[in-house]
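Residue indices begin at 1 and follow the sequence shown.
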Amino acid sequence: MKTKSMFKAFTFKDLLIFTCIFIGFAGFTKCDAQSIVGKWHRTGATKFRIDKATGKETPLFTAEQQKQYDQATDANEYNELLEFKSNNTYVSKVSAKGVEPTEHTEKYSLSGNKLDMNIPLVFHEKTTITIKSLDANTMVWDLVFMNKLTRITYKRI
């Protein structure tokens, strides 16, 4: 007895039509990959010391000192905005109470989680920035300079 298959062989024409429809719908799907491109507002910073021998991070401030640091930052109306553009430039705008606001434009490069914002050398040492985490709304950096780590949090605006 011969059995009938429920499926018939696709012809080349059928496959071509299916492929075109699939590719057409793929154009409507949104990519969820995260990007630093956009506007970011600095919302916090925590400072650490890095032990040269072990690489261990030790908070630079006690919990009370960190609280005072955060309050002083708020009281001085410190405000930092970063805008990363898709052409690999960024604009940094910083303002604080009693200080003339500054705006700086520079090129940046991103390789994996290493962000190079072309910060000038200080004491012949380069500032390194590692993006520790990034999602649709929050970006956290580890900025290391002179064996001190500052963990900075930004919110997307």
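Hydrophobic clustering, with ILVMFWY side chains joined whenever heavy atoms are under 4.5 angstrom apart, groups I129 together with L110. In the hydrophobic clustering of this structure, Y154 groups with I131; members are Ile, Leu, Val, Met, Phe, Trp, Tyr whose side-chain heavy atoms approach within less than 4.5 Å, directly or through other members. Under a hydrophobic clustering in which Ile, Leu, Val, Met, Phe, Trp and Tyr are joined whenever their side-chain heavy atoms come within less than 4.5 Å, directly or via other members, I157 and L134 fall into different clusters. Under the 4.5 Å side-chain heavy-atom criterion for ILVMFWY residues, no single connected hydrophobic cluster contains both I36 and V140.
Here M117 contributes atom CE and T89 contributes atom OG1; the two are 11.0 Å apart, rounded to the nearest 0.5 Å. The NZ atom of K93 sits 8.5 Å away from atom OG1 of T105, with the distance rounded to the nearest 0.5 Å. Put simply, OG1 on T150 and CZ on F48 are 9.0 Å apart, with the number rounded to the nearest 0.5 Å. Annotation: the span from W141 atom CH2 to N113 atom CG amounts to 13.0 Å, rounded to 0.5 Å. For the atom pair K47 NZ and L143 CG, the distance stands at 9.0 Å (nearest 0.5 Å).
For N79, the side-chain contact (heavy atoms from CB on, under 4.5 Å) partners are H41, L81, S95, not counting sequence neighbours. Legend: residues meeting side chain to side chain donor-acceptor pair (under 3.5 Å) with E106, ordered by chain and number and at least two apart, are absent. Judged as a side-chain contact (heavy atoms from CB on, under 4.5 Å), and not counting sequence neighbours, the contacts of E64 are T62, K67, Q68.
Of the possible donor and acceptor atoms, none in the side chain of D51 sits under 3.5 Å from a partner among the backbone N and O of K56.
Applying the salt bridge (Lys or Arg N to Asp or Glu O under 4.0 Å) rule to pairs touching residues 111-124 yields D116-K126, sequence neighbours excluded. Residue pairs meeting the ring pair (Phe, Tyr, Trp, His ring centres under 6.0 Å) criterion with at least one partner in residues 101-136, sequence neighbours excluded, are F84-Y108. Listed by first then second residue, pairs satisfying salt bridge (Lys or Arg N to Asp or Glu O under 4.0 Å) with a partner in residues 146-157 read E57-R151, D142-R151, not counting sequence neighbours.
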